[in-house]
Amino acid sequence: MKKNSALVIVDVQNDFCPGGALPVPEGDTIVPILNKYIEKFQKAGLPIYASRDWHPEKTKHFKAFGGLWPPHCVQGTKGAEFHPDLKLPKETTILTKGEDPNEDSYSGFQGRDAAGVGLAGLLRQRGVERVFVGGLATDYCVKSTVLDGVREGFKVVLLADAMRGVDLQSGDSDRAIQEMLRAGAGTIVEGGIPT
Ligand code: VGL
Ligand code: ZN
């Protein structure tokens, strides 16, 4: 795999999986597939980033305060933890987003590392030109991350087998994928990545 690539895993947290506060249908089924991607990127010495939705208890993002969603991924709760089977290597850069009570912050590009550096800056620092994106949810945070990635000038590849959507309206995820492809993203499945 080319040296200038990175893996970006979006919001694979308990609350977005079955049993969580805002479950994405079959959200947990992508975990073993993501683990295979993780292994490939790790073996190739390529950087891995994992975003997490990390909301305060009161935020405009939640229905009770004018937003779209039930409370989810509240800072420090079990629901905000990564899925327990997701095998993130210890070198993974965790990107936190959604802390601002006035913003939805769907995009992983709004996420920051522990030092406060945003994803685009982190990628540029490491000379990354191409990002492979999977996670939850296809029609919200994955879509937003992919569109921002393209806008920021990165090549973006969708890990088509490693994302699932909320589908508030049926077909939302399919439409999201079309929109990401139209924006210039490519697509790939696990068997398609050279080892
Ligand atoms: C997300 C809805 C609300 C996501 C986050 O990770 O896609 N969706 N907050
Ligand atoms: Zn959220």
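In each ligand, atom 1 is the first atom listed, and ligand 1 is the first ligand listed.
Looking at ligand 1, you won't find any N or O of Phe16 less than 3.5 Å from one of its N or O atoms. Residue Asp53 places at least one N or O, backbone or side chain, under 3.5 Å from an N or O of ligand 1. Between His55 and ligand 1, no N or O atom pair is found at a separation short of 3.5 Å. Looking at ligand 1, you'll find an N or O of His72 within less than 3.5 Å of one of its N or O atoms. Between Leu22 and ligand 1, not a single N/O pair is under 3.5 Å apart.
Atoms of ligand 1 found under 4.0 Å from any heavy atom of Asp11 (numbered from 1 in listed order, with element): 4 (C), 6 (O). Close approach of ligand 1 to Trp69 (heavy-atom distance below 4.0 Å) involves ligand atoms 2 (C), 3 (C). Using a 4.0 Å cut-off to heavy atoms of Cys141, the atoms of ligand 1 that qualify are 1 (C), 4 (C), 5 (C), 6 (O), 7 (O). Near His61, meaning under 4.0 Å from any of its heavy atoms, are these atoms of ligand 1: 3 (C), 9 (N).
The line from CD1 of Ile48 to NZ of Lys40 is 13.0 Å long, rounded to the nearest 0.5 Å.
Just one of Leu95, Leu136, Val133 meets the side-chain contact (heavy atoms from CB on, under 4.5 Å) condition when paired with Val10; it is Val133. For the ring-ring contact (aromatic ring centres under 6.0 Å, His included) criterion with His55, the lone passing option out of Phe62, Phe65, Trp69 is Phe62.
The shortest non-hydrogen separation linking Asn14 to Pro84 is OD1-CD, 3.3 Å. Taking every heavy atom of both residues into account, Phe82 and Ser51 meet most closely at CE2-O, 3.4 Å.
The aromatic rings of Phe132 and Phe41 sit perpendicular, their planes meeting at an angle over 60°, well past the 30° parallel limit. Ring planes of Tyr106 and Tyr140: tilted class, angle from 30 to 60°.
Among protein heavy atoms, atom 8 (N) of ligand 1 sits closest to Tyr140 CB, 3.8 Å.
The existence of a salt bridge linking Asp11 and Arg52 is excluded, since no basic side-chain nitrogen approaches an acidic carboxylate oxygen closer than 4.0 Å. Salt-bridge check for Arg182 with Glu179: failed, with every basic side-chain N at 4.0 Å or more from each acidic carboxylate O.
Donor-acceptor pairing under 3.5 Å is recorded for the side chains of Tyr37 and Asp161.
Take Asn35 and apply the side chain to side chain contact (heavy atoms under 4.5 Å, CB included) test, not counting sequence neighbours, and it matches Val31, Ile38, Leu86, Lys87.
In Leu136, the part holding a heavy atom less than 4.0 Å from any atom of ligand 1 is the backbone.
Under 2.8 Å from the Zn ion (ligand 2), one finds the following protein N/O/S atoms: Asp53 OD2, His55 NE2, His61 NE2, His72 NE2.
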